[in-house]
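Okay, so here's the structure we're looking at.
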Amino acid sequence: MKASIPQGTRDFSAAVLRRRNFIFNTIRSTFETYGFEPLETPALENTETLLGKYGDEGDKLIFKILNNGLDNPTKQASAREDFEKVLEGKTNKGITERALRYDLTIPFARYVAMNQGQLTMPFKRYQMQPVWRADRPQRGRYREFYQCDADVAGSSSLLHEIELALIYSSVFKHLRVGIEIHINNRKILHALAMLCGGEDRMTDITVAIDKLDKIGIEKVKEELASRGLTNNQISVVESFISIAGTNEEKLDQLMSMLNGNTIGEDGIREIRYILEQYKNNVSSEEMVVDFSLARGLNYYTGTIFEVKATGAQMGSIGGGGRYDDLTGLFGVKGIEGVGISFGVDRIYDVMEELNVFPEHIQTGTTALFFNTGETEQNHVLPLAQQLRAQGIACEIYHEAAKFDKQFKYAERKSIPYIVIVGSKEILSGTAIVKKLSTGEQQEVKQEEIGLNIKS
RNA sequence: GAGGUUGUAGCUCAGUUGGUUAGAGCGUCUGAUUGUGGUUCAGAAGGUCGUGGGUUCGAGACCCAUCAUCCUCCCCA
C-alpha cells in the first residue's frame with residue numbers, strides 16, 4: 001500500500017515543531033503568568049456532549065466514531081434499525097456513542113459541570129490540545145488543529161475581559177505579530193435586534209453583518225432582505241454598521257442611536273470600561289471597536305473578541321467572549337464564563353508569511369563527536385556523557401566514516417560544533433573542538449570540552 | 001455539502017499540434033581526497049508520468065472515472 005495521512009492532517013518535522021513549540025511555550029507561559037491552571041480533557045467525548053452545541057452546521061462537522069461490535073450477530077437487528085436513522089441524518093447512540101472533540105470550550109463546560117463542587121471559584125484554566133473538524137481543508141483551515149484556550153468560570157467581573165485582552169497583547173508582542181483586537185458586545189447586537197423587528201431577529205442580523213468586511217455592505221443588505229427584514233429595518237442595520245471614527249466617536253454615535261435602550265447602553269458601558277483599562281496598561285492602540293463583529297457561536301452574551309493579524313492575509317487567529325450560562329446545558333445553573341482562544345496553526349502560517357520566527361529556536365544538537373573507530377568511540381562515549389551532564393546536547397557519529405561525511409551530517413543538522421578525539425588525542429588526553437561557522441579550532445583538555453562550547 | 005486547480009526522479013519543475021530510448025536544477029551515492037567540511041571536477045544511481053479504463057498504428061499529452069492536492073463558497077481557528 002501507499003503511505004498516506006488523512007486529508008487535512010499533517011506530520012510536523014523537527015524544524016516546524018521547534019517553531020510551533022516556540023508559539024506554544026509563549027502562550028503557555030503567558031497563561032501561567034496570569035494565574036491560569038492547565039487542564040487536559042480526552043480527545044473523545046460522548047457524542048451527546050457535543051451535539052447541538054455548535055448549531056446545525058457544527059453538528060455536521062463533528063467527527064463521529066463508529067461503535068465497536070456492530071457486527072455482533074445478536075445485535076444485528078437493532079444495529080440495522082439504528083443505521084436507518086443515520087441515513088436519515090439522525091445520529092444516534094446505537095451507531096456512534098463517541099465523537100472527536102470539536103473545540104475546547106464545551107469540554108471545559110462539561111468539566112466544570114462535573115467538578116463544580118471541587119473547583120476553587122472563579123476557576124481559571126488553560127488548555128492547549130488538538131481539535132478536529134470534518135471541514136474541507138484549505139488555506140488556514142485544517143481538519144486537525146490546535147487551540148489554546150484560557151477561560152474563567154464563575155465570575156462576572158470585567159477584570160477578566162481586561163486581563164484576557166492583555167494576554168492577547170502580550171503573547172503577540174512576544175511573537176512579533178502585529179494585531180488588532182476587534183471588540184463588540186452581544187448586548188449591543190441585542191439592542192440592535194430590538195430596534196429592528198424584535199429579539200428573535202438577532203441571529204438573522206448577526207449572521208449577515210458578521211460578513212461585512214468580507215462581502216461588503218450591499219451584499220449584507222441583500223442577505224438581510226432575503227432573511228425577511230423590511231427596508232426600514234435594513235436601513236437601521238445599515239446606519240448601525242456604518243458608524244465610523246475613533247473608538248470613542250463610534251461609541252458616542254451609537255449611544256445617541258440607541259434611544260435609551262438600557263441593554264445596549266450596558267454593552268457600551270462595558271466596552272468603554274474595558275477600553276479604558278486596557279489603554280492604561282498597554283501603550284499601543286490595537287483595540288478596535290467593531291459593531292459588525294458578531295461571531296457565529298450563539299452562546300456568547302456579553303463581550304466578544306476577535307484577533308486579526310495586521311499585514312497578513314488570514315482570517316481570525318483568535319477569538320473569544322463572555323457567556324452567561326456556561327454549564328446550563330449540563331444541568332448546572334448560574335455559572336458564567338469568559339474566555340479566549342488562540343489558533344496556533346493560523347498563527348504559525350502568519351508568522352511564516354511575515355518571517356518573524358527568531359533564528360535561535362532552531363538549535364538542536366550543539367556538538368557532534370566524530371567517530372574514527374571502535375576504540376575511539378568507546379573512549380568518546382564517557383566524554384559525551386560528561387557534556388550531557390553539563391546540559392550540552394551532543395551526539396556521536398554512528399560509525400567510523402570519512403570526515404567529509406561526518407562534516408556534512410553536522411552541517412545538515414545545523415550542529416554548531418564538532419569534536420574530534422582520535423587515537424592521537426586519546427594519547428595526549430586532548431580533544432579538538434571546531435566551530436563550524438568560523439572554521440576556528442583549538443586543542444583542549446578532554447575535561448574542558450564543555451568550557452569551549454557555547455550553546 | 002457545491003464549484004474550480006494541479007498531479008512527471010527524494011525536492012522544485014520543463015516536456016511543442018499525440019511520434020523513436022521522458023529531461024534539467026538541487027539533493028543522494030562513488031571517486032579525485034584513508035584525520036578537517038562548505039568550493040571545484042569526473043562519474044553513477046534514481047521514473048508503475050497519481051490510479052484504473054478508453055480513443056489511436058502510437059498517449060506523459062486527448063476522453064471518462066477515481067484518488068490525492070491546493071484554492072473558493074458555506075462555516076470557522
Side-chain angles (χ1 to χ4, degrees), chain A residues 1-10 13 23 27 54-62 89 101-105 128-149 168 206-208 210-211 214-215 219 223 293-298 305-309 313-321 339-350 368-373 376 397 400-426 431-443:
Chain A
M1 67 170 285
K2 204 173 173 185
S4 66
I5 52 172
Q7 193 178 42
T9 64
R10 296 150 297 160
S13 66
I23 301 173
I27 295 172
Y54 310 103
D56 291 343
E57 209 57 44
D59 282 357
K60 285 187 209 157
L61 299 181
I62 294 172
R101 189 203 293 135
Y102 179 89
D103 74 353
L104 301 178
T105 307
M128 311 202 298
Q129 289 190 276
V131 303
W132 294 268
R133 295 185 188 177
D135 215 342
R136 181 145 314 183
Q138 53 184 274
R139 180 174 157 76
R141 180 173 306 194
Y142 307 96
R143 286 187 151 180
E144 177 184 68
F145 63 98
Y146 275 74
Q147 290 190 329
C148 299
D149 281 27
Y168 270 141
T206 56
V207 166
D210 201 37
K211 299 175 188 167
K214 207 165 180 178
I215 63 177
K219 294 264 178 194
E223 176 148 359
L293 175 62
R295 290 186 66 74
L297 297 172
N298 273 319
F305 290 123
E306 194 154 290
V307 181
K308 287 178 180 151
Q313 205 58 40
M314 182 63 77
S316 67
I317 54 176
I340 55 169
S341 179
F342 288 83
V344 172
D345 303 79
R346 285 190 176 177
I347 293 171
Y348 181 96
D349 290 347
V350 166
L368 175 72
F369 284 92
F370 273 23
N371 193 327
T372 59
E376 294 88 339
Y397 195 78
K402 291 170 70 171
F403 273 29
D404 181 68
K405 255 189 134 168
Q406 306 199 39
F407 269 116
K408 283 192 170 140
Y409 178 82
E411 265 167 37
R412 293 206 59 178
K413 286 190 72 176
S414 316
I415 298 172
Y417 292 91
I418 61 109
V419 181
I420 302 170
V421 181
S423 48
K424 279 187 285 180
E425 288 78 16
I426 291 177
I432 292 168
V433 176
K434 178 164 183 170
K435 187 174 186 183
L436 290 188
S437 57
T438 59
E440 294 168 53
Q441 71 176 50
Q442 48 185 324
E443 192 160 357

Quiz item: Does some side-chain heavy atom of A:I27 sit less than 4.5 Å from a side-chain heavy atom of A:V344?
Solution: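 Yes - at least one pair of side-chain heavy atoms lies under 4.5 Å apart.
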Quiz item: Quick one: does A:F145's side chain get under 4.5 Å of A:D135's, heavy atoms only?
Solution: no
Once you apply a heavy-atom cut-off of 4.0 Å, does [X] come out as touching a base, just sugar-phosphate, or nothing?
X: A:I420; value: base
X: A:R346; value: base
X: A:G58; value: nothing
X: A:I347; value: nothing
X: A:T372; value: nothing

Exercise. Using the C1' atom as the reference point in each nucleotide, state the distance between B:G60 and B:U48 in Å, no decimals.
Key: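 Result for the C1' pair: 13 Å, nearest Å.
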Quiz item: Taking the P atom of each, how far is B:U51 from B:C67, in whole Å?
Solution: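 Approximately 15 Å lies between the P atom of B:U51 and that of B:C67.
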Nearest to the side chain of [X], which nucleotide is it out of [options]?
X: A:K434; options: B:U36, B:A77, B:G35; answer: B:U36
X: A:F403; options: B:U36, B:C71, B:C75; answer: B:U36
X: A:F407; options: B:U72, B:C75, B:U36; answer: B:U36

Can you see if the side chain of [X] gets near the phosphate of [N] - specifically, an N or O under 4.0 Å from OP1 or OP2?
X: A:Q7; N: B:U69; answer: yes
X: A:K60; N: B:C74; answer: no
X: A:Q138; N: B:U72; answer: yes

Exercise. Name the residue closer to the 5' end of RNA chain B, choosing between A:Y142 and A:D404 according to the nucleotide with the nearest heavy atom.
Key: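 Nearest nucleotide further toward 5': that of A:D404.
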Classify the side chain of [X] and the base of [N] as holding, or not holding, a donor-acceptor pair under 3.5 Å.
X: A:R133; N: B:C75; value: no
X: A:K402; N: B:U34; value: no
X: A:E411; N: B:G38; value: no
X: A:E425; N: B:G35; value: yes

Quiz item: How long is the line joining CZ of A:R136 and P of B:C67, in whole Å?
Solution: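 One finds 11 Å between P of B:C67 and CZ of A:R136, rounded.
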Self-check item: Distance, rounded to the nearest Å, where A:Q406 contributes CD and B:U33 contributes P
Solution: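 It is 20 Å, rounded to the nearest whole Å.
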Exercise. Scan every strand shown for a Watson-Crick or G-U wobble partner of B:G23, both distances under 3.5 Å, and answer none if you come up empty.
Key: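 WC or wobble partner is B:C13.
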Quiz item: Where does the angle between the aromatic ring planes of A:Y54 and A:Y102 fall among parallel (under 30°), tilted (30 to 60°) and perpendicular (over 60°)?
Solution: tilted
Quiz item: Can you tell me if A:R143 uses its side chain to pair, donor with acceptor, with the backbone of A:P137 under 3.5 Å?
Solution: no
Self-check item: Minimum heavy-atom distance A:L293-A:F305, with the two atoms named
Solution: CD2-C, 4.1 Å
